[in-house]
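Each chain gets a letter, A, B and so on, in the order its sequence line appears, and its residues count up from 1. As a basis for the values below, the full set of heavy atoms in this structure was taken, side chains included, without hydrogen atoms, waters or symmetry mates.
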Number of protein chains: 2
Amino acid sequence: MRAAKAEAVMPDGQPQIDRLFHALGDPTRRAILDALVHRPASVSKLATPLGITLTAVIQHLEILENAGFVHTEKLGRVRVCRLEPGGLDTLEQWIREHRTAWEKKLDRLGEALREEYEGN
Amino acid sequence: MRAAKAEAVMPDGQPQIDRLFHALGDPTRRAILDALVHRPASVSKLATPLGITLTAVIQHLEILENAGFVHTEKLGRVRVCRLEPGGLDTLEQWIREHRTAWEKKLDRLGEALREEYEGN
DNA sequence: CAAATTGTCAAGTCAATACTTCAGTATCAT
DNA sequence: ATGATACTGAAGTATTGACTTGACAATTTG
């Protein structure tokens, strides 16, 4: 995810969308989410079945939190992690929007197949 | 996206899902998709507004193709790139599935709030 | 055919990621 | 108070990822 050279349209990327996709792009993080679907859990409870260190889990949790998928809160010496309600909403909306445009245009593909990039 | 150490449940990750999220996690690739929504395009047509080299675009296209979002085909010296119909289907399905479980469990949060990790 | 267009390949750079280890800090239990 | 638990923070390592450059190859086009 490096910054693109400045020129023309250069997408700076909606950083929130970036965070969503990036967070879900890692299998370990998806496993954490799956675990949290069943019940809230502490950092070490999450770490054990994953076979990685606490530190690594915390790092993943930070990413998941920034993406709005989980919320964590420290109770005593334990950090309790839960799913964030509505965490998937933004993502779902992104997909809905894009899917609409996507399908809409593809419908015209039959007619436009050749001419569309003839003049360009 | 490094391989996790072998132990316990270690999620190897459904590689297809990995590819989907990874592909969409980059703003440049999303910009390419947005461009292709309007019309099919050649590699250089895609490259110009992005301000990156042809080579870079080709690399992105490979990723988008592997994720099933675009299809490219070489006609003469030009590579024509189009959106792949149904490219978002798998992703949508993933979200639907997870959203269901997600919401289902969260409904019980009120009652379970404290007891759920008491015995654990 | 020669020149221009369009893309491809192999390598290399540099930053971001996914981990780790190790040395603390805060809480809880006895 | 002592020791065990549960996490935190800083720093380091190795792999991936997003680009580039530069040397080709394959089509057009004049």
(request) Can you tell me the distance, in whole Å, between the CZ atom of B:Arg30 and the C1' atom of D:dA18? (result) 15 Å
(message) Nearest to the side chain of B:Lys74, heavy atoms from C-beta on, is which of C:dT8, D:dT27, D:dT20?
(response) C:dT8
(request) In whole angstrom, give the distance that lies between atom CD1 of A:Ile58 and atom C1' of D:dA10. (result) 13 Å
(message) Distance check needed: D:dA18 P versus B:Leu50 CG, whole Å only.
(response) 14 Å
(message) Given C:dG7, C:dT21, D:dT20, identify the nucleotide with an atom nearest to the side chain of A:Thr53.
(response) C:dT21
(request) Round to a whole Å and report the spacing from NE2 of A:His22 to C1' of C:dA16. (result) 8 Å
(request) Among D:dT21, C:dC19, C:dG7, find the nucleotide with the atom closest to the side chain of A:Thr28. (result) C:dC19
(request) Indicate yes or no for a side-chain donor-acceptor contact from B:Arg82 to the backbone of B:Ala41 under 3.5 Å, with no hydrogens or angles considered. (result) no
(message) What is the distance, to the nearest angstrom, from the CG atom on B:Asp26 to the C1' atom on D:dA18?
(response) 7 Å
(request) State the CD1-CG distance between B:Ile63 and B:Asn66, to the nearest 0.5 angstrom. (result) 8.0 Å
(request) Take atom CD of B:Gln59 and atom P of D:dG17, then tell me their distance rounded to the nearest Å. (result) 12 Å
(request) Report the residue (B:Ser44 or A:Leu54) whose heavy-atom-nearest nucleotide on DNA chain C is the more 5′ of the two. (result) B:Ser44
(request) Could you check how far CD1 of A:Ile63 sits from C1' of C:dT17, rounded to whole Å? (result) 8 Å
(message) Closest approach to the side chain of B:Arg29, judged atom by atom: which nucleotide of C:dG7, D:dC19, D:dA18 is it?
(response) D:dA18
(message) Measuring from the side chain of A:Thr55 (C-beta onward, heavy atoms only), which nucleotide among D:dA10, D:dA6, C:dC19 has the closest atom?
(response) D:dA10
(message) Please determine whether a side-chain nitrogen or oxygen atom of A:His60 lies at a distance below 4.0 Å from atom OP1 or OP2 of C:dC19.
(response) yes
(message) If you compare all heavy atoms of A:Phe69 against all heavy atoms of B:Trp102, which two are closest, and at what distance to 0.1 Å?
(response) O-CZ2, 3.6 Å
(message) Restricting to non-hydrogen atoms, name the atom on B:Glu84 and the atom on B:His71 that form the minimum distance, rounded to 0.1 Å.
(response) OE1-CB, 3.2 Å
(message) Any donor-acceptor pair under 3.5 Å linking the side-chain atoms of A:Gln93 with those of A:Arg96?
(response) no
(message) Reading DNA chain C from 5' onward, which residue's closest nucleotide shows up sooner: A:Arg77 or A:Ala56?
(response) A:Ala56
(message) If I take atom CD1 in residue A:Ile52 and atom P in nucleotide D:dT8, what distance separates them, rounded to the nearest angstrom?
(response) 14 Å
